[in-house]
Amino acid sequence: MEYVYAQIKGEAEPCFLNIETIRQGKVLEKDIIKMWCTNCGAPAHVYHHESGLVSFRSIPHRDGCPTQSKEWEQDERLLVKQKRIYTDTVLNRELILYGNDRAPVVNPDIDYSDDEEKGEDGNSVEGNTEENPGAIVPGDNNLIMYDPDQLEKRELAIWYRFKTKILSCIKSLFREIMSVGYSFNMGDGKTAADYVLDNIALHEVRRTGIGKKEVIAIAKRCAPEDMAYLRKIGLLSPGKHNLDYIILKDAYSTNIENAIFFKVKCKNQAQNEHFKNLIMGSKKNSINKDNRKFIVIYSFFEQEPNDYNQVYVAEITFRQYGLFSNVDIGGKR
């Protein structure tokens, strides 16, 4: 298609858009909110063909659309892939820190690794789309049209999807911090360096405490040989192992007597059981603990009096904890 109706950012009314304005860069793809076929109203998109051609297409058009009959033979030879491009990143700190907790969403058909943020219903945050209602979009390079017997005969075209990355849990936030570095903008005039309790920040915390501010704590499990010490300082009672709170230690102390401890539990009981299973596993229910070493928690912490070590307590939600295999942050502090 050479023409579509389009809604452009900053424009009050839809306009009649010629593909030539895209080719010449007079209108940027990322500024197009919505496009649709001028004949049938089906959602339209910009496709970049491997030949260098740029065109509008609707796959599919609505039944009876005259444009569909003209494009049908071309569509049969077209292999479309989509590539997601993030044009902006927004941190939803209020939702992470003050959102409600809930029971874990468990579905054996969905991979709940921390490589992709899930919505409240357990589906990908990309979720359903107007172009493909009811579908889950897996990720970059998703095949829109797929016939394995015809792949080599088809022309490749790329559909760029411009999106805003919403950071609404510590998993996605901390991945972004690791990628960008300590300079990551937290949206309040501060950077990640002001929040992350890494080895450098802990030197100051040991001297002054955390105070009344939210922090991103990097912790790890207490080792079996630490249990006697936890009982000595009163964090564990003799013979009592089924605690509501999980006791973690900071990830950087090499001496248990110098460690900072975090007592953490989830507000929702079912989520808390899930959290404990991730950290410790469950012999009773034959559940193995998660093999990732680090637990990252974004929260306010209250200090609990202790004669031996600094101990901090927090009740959190599913958005406030994440498990990671590594916690390396790029760039300098």
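We use all heavy atoms of the structure for the numbers below, so side chains are in, but hydrogens, waters and symmetry mates are not.
Under the 4.5 Å side-chain criterion, counting only non-hydrogen atoms from C-beta, Val327 is in contact with Val296.
Here the closest non-hydrogen pair linking Asn272 and Cys266 is OD1-N, 2.8 Å. Closest non-hydrogen pair, Ser172 versus Ile166, comes out as OG-O, 4.4 Å. Taking each heavy atom of Ile279 and Ile295 in turn, the nearest pair found is CD1-CG1, 3.5 Å. Taking each heavy atom of Ser55 and Arg57 in turn, the nearest pair found is OG-CG, 3.7 Å. The heavy-atom pair separating Tyr252 from Leu202 by the smallest distance is CD1-CD1, 3.7 Å.
Note on Ile216: it clusters hydrophobically with Val180, by side-chain heavy-atom contacts below 4.5 Å among ILVMFWY residues. Residues Tyr229 and Met227 are members of one and the same hydrophobic cluster, defined by side-chain heavy-atom contacts under 4.5 angstrom among Ile, Leu, Val, Met, Phe, Trp and Tyr.
For Leu97, the side-chain contact (heavy atoms from CB on, under 4.5 Å) partners two or more places apart in sequence, or in a different chain, are Glu214, Tyr298, Phe300, Gln320. In terms of the ring-ring contact (aromatic ring centres under 6.0 Å, His included) criterion, residue partners of Phe262 (sequence neighbours excluded) are, by chain and number, Phe301. A search for side-chain contact (heavy atoms from CB on, under 4.5 Å) contacts involving Asn185 returns nothing, not counting sequence neighbours. The side-chain contact (heavy atoms from CB on, under 4.5 Å) search around Lys26 returns Thr21, Gln24, not counting sequence neighbours. Every residue two or more places apart in sequence or in another chain that forms a side-chain contact (heavy atoms from CB on, under 4.5 Å) with Ala228 is listed here: Arg231. Shown here are the ring-ring contact (aromatic ring centres under 6.0 Å, His included) partners of Tyr160, two or more places apart in sequence or in another chain: His48. The ring-ring contact (aromatic ring centres under 6.0 Å, His included) search around Phe184 returns none, not counting sequence neighbours. Phe16 is linked by a ring-ring contact (aromatic ring centres under 6.0 Å, His included) to Tyr3, Tyr5, counting only residues two or more places apart in sequence or in another chain.
Applying the side-chain hydrogen bond (donor to acceptor under 3.5 Å, both in side chains) test to pairs two or more places apart or on separate chains, those with a residue in residues 218-228 are Asp226-Lys249. Every pair passing salt bridge (Lys or Arg N to Asp or Glu O under 4.0 Å) that includes a residue from residues 180-194 is listed here, sequence neighbours excluded: Arg93-Asp188.
Salt-bridge check for Arg23 with Glu2: passed, with a basic side-chain N closer than 4.0 Å to an acidic carboxylate O.
Under a cut-off of 6.0 angstrom, the local environment of CG in Asn255 is crowded, with over 12 non-hydrogen atoms contributed by other residues, nucleotides or ligands.
Leu28 belongs to no multi-residue hydrophobic cluster, having no ILVMFWY side-chain contact under 4.5 Å with any other such residue. In this structure, Tyr245 belongs to a hydrophobic cluster whose other members, linked by side-chain heavy atoms under 4.5 Å apart, are Val313.
The closest side-chain donor-acceptor pair between Glu273 and Gln269 falls under 3.5 angstrom.
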